[in-house]
Amino acid sequence: MNRDINVSSGGAPFEYVVAKAKTPAVWFQRITLIAFYIFWVLALLLIGGAVRLVVPFLALVPLSLWVLVFFTWRLTQVEYEYSFFAGELTVSRLLGGRTRRELCCVSIRSIDYILPNEEAYASRIESFSANKTIFAASKDSSPSVYVALWCDENGRRYELFFEPNEKALRILRYYNMSALTLRQSDR
């Protein structure tokens, strides 16, 4: 699911967000967290009953549960933000809409290859032999995933799996036409 944040024309910054897909692993993670929350409440009530301080533990239950949910539930709500500004692509991971962590920032002109994540390009992607892989797409099997391959100034090789939308592909084409290989459907 793509959600445009700022769709401006010209040389203005462009950002958009792609939410991580609700895969069975994410659903399992959510169910596990809910079970942990229930276990937490029951454990506090049992401990309070065992030490005969049920009333203070009753006050501790909602407060501790809120803190626990606040810090753990966001791990199940992952989004990736792509920002294009002044010829640079910045990719960040957002957790629960509150925590942002920058995964990478690369000059688009320094990217060697931008390829569709398809079987036809798998050998080229694998032969690049990246030192670091950055996955910032909704899911592995998404049909719109591209792979950006580049080396930094120290010779370290990177591969970035991401989901560009139509405007992002135009920006990538503008800054580095020679590196971009489009799908038939994106031409």
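All values below were derived from every heavy atom in this structure, side-chain atoms included, with hydrogens, water molecules and symmetry-related copies excluded.
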So how far is it from [X] [atom1] to [Y] [atom2], rounded to the nearest 0.5 Å?
{"X": "Thr181", "Y": "Leu115", "atom1": "OG1", "atom2": "CG", "value": "5.0 Å"}
{"X": "Tyr113", "Y": "Arg124", "atom1": "OH", "atom2": "CZ", "value": "6.0 Å"}
{"X": "Tyr175", "Y": "Ile114", "atom1": "OH", "atom2": "CD1", "value": "13.0 Å"}
{"X": "Asp112", "Y": "Arg157", "atom1": "CG", "atom2": "CZ", "value": "8.0 Å"}
{"X": "Tyr16", "Y": "Glu163", "atom1": "OH", "atom2": "CD", "value": "8.0 Å"}
{"X": "Phe84", "Y": "Ile171", "atom1": "CZ", "atom2": "CD1", "value": "5.5 Å"}

Testing the basics here: between Gly155 and Asn131, what is the closest heavy-atom pair and its distance to 0.1 Å?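 Closest pair (atom of Gly155, atom of Asn131, distance): O-OD1, 4.3 Å.
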Could you tabulate the donor-acceptor pairs under 3.5 Å formed by side-chain atoms of residues 63-75, not counting sequence neighbours?
from  : atom 1 : to    : atom 2 : distance (Å)
Ser64 : OG     : Trp40 : NE1    : 3.0
Ser64 : OG     : Leu60 : O      : 2.9
Ser64 : OG     : Val61 : O      : 3.2
Thr72 : OG1    : Tyr37 : OH     : 2.6
Thr72 : OG1    : Leu68 : O      : 2.6
Arg74 : NE     : Phe70 : O      : 3.3
Arg74 : NH1    : Thr99 : OG1    : 2.3
Arg74 : NH2    : Phe70 : O      : 3.3

Greater than 12 external heavy atoms within 6.0 Å of Arg101's CZ: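 Open: at most 12 neighbouring heavy atoms sit under 6.0 Å from CZ of Arg101.
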Just do the side-chain contact (heavy atoms from CB on, under 4.5 Å) check on Cys105 and Phe85 with the steps written out, would you? CA-CA 10 Å; Cys105 182; Phe85 182 68; over 6 Å; no
Are the side chain of Asp152 and the backbone N or O of Asn154 linked by a donor-acceptor pair below 3.5 Å?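 Checking the backbone N and O of Asn154 against the side chain of Asp152, a donor-acceptor pair under 3.5 Å is found.
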Exam field: side chain Tyr146 to backbone Pro164, donor-acceptor pair closer than 3.5 Å: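 No.
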Just do the side-chain contact (heavy atoms from CB on, under 4.5 Å) check on Trp150 and Cys104 with the steps written out, would you? CA-CA 12 Å; Trp150 75 92; Cys104 70; 4.2 Å; yes
Indicate if Ile31 and Leu33 have the same hydrophobic cluster label, given that clusters are the connected sets of ILVMFWY residues with side-chain heavy-atom separations under 4.5 angstrom.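 Not linked; separate clusters.
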Applying the 4.5 Å side-chain criterion to the ILVMFWY set and letting contacts propagate, would Ile38 and Val41 be lumped into a single cluster?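 Ile38 clusters together with Val41.
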Which pairs of donor and acceptor atoms, one on a side chain in residues 17-29, lie under 3.5 Å apart (sequence neighbours left out)?
from  : atom 1 : to    : atom 2 : distance (Å)
Thr23 : OG1    : Val26 : N      : 3.4
Trp27 : NE1    : Lys22 : O      : 3.4

side-chain contact (heavy atoms from CB on, under 4.5 Å) between Tyr158 and Val106, intermediate numbers included: CA-CA 10 Å; Tyr158 293 88; Val106 61; over 6 Å; no
Counterpart residues, side chain to side chain contact (heavy atoms under 4.5 Å, CB included), relative to Ser92 (two or more places apart):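 If we apply the side chain to side chain contact (heavy atoms under 4.5 Å, CB included) test to Ser92, skipping adjacent residues, the hits are Glu81, Thr90, Arg100, Glu102.
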The test is side-chain contact (heavy atoms from CB on, under 4.5 Å); show your working for Leu95 and Val78 and say whether it passes. CA-CA 5 Å; Leu95 296 176; Val78 179; 3.6 Å; yes
Going through the checks in order, is the side chain to side chain donor-acceptor pair (under 3.5 Å) test met by Asn176 and Ser178? CA-CA 6 Å; Asn176 197 345; Ser178 63; 3.2 Å; yes
When the side chains of residues 46-53 are checked against the rest of the protein, which donor-acceptor pairs come out under 3.5 Å, sequence neighbours left out?
none

Under 4.5 Å between any side-chain heavy atoms of Leu160 and Leu89, yes or no?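 Sidechains of Leu89 and Leu160: in contact.
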With the side chain counted from C-beta on, respond yes when Gln77 and Arg30 share a heavy-atom pair under 4.5 Å apart, and no when they do not.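 They are in side-chain contact.
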In the hydrophobic cluster built from side-chain contacts under 4.5 Å, what are the other members alongside Phe39?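 Its cluster mates, by chain and number: none.
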Tracing side-chain links under 4.5 Å among I, L, V, M, F, W and Y, which residues wind up in one group with Met177?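 None; Met177 is a cluster of one.
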Quick check: Tyr80 with Tyr82 (ring centres under 6.0 Å apart)?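 Between Tyr82 and Tyr80, the centre distance exceeds or equals 6.0 Å.
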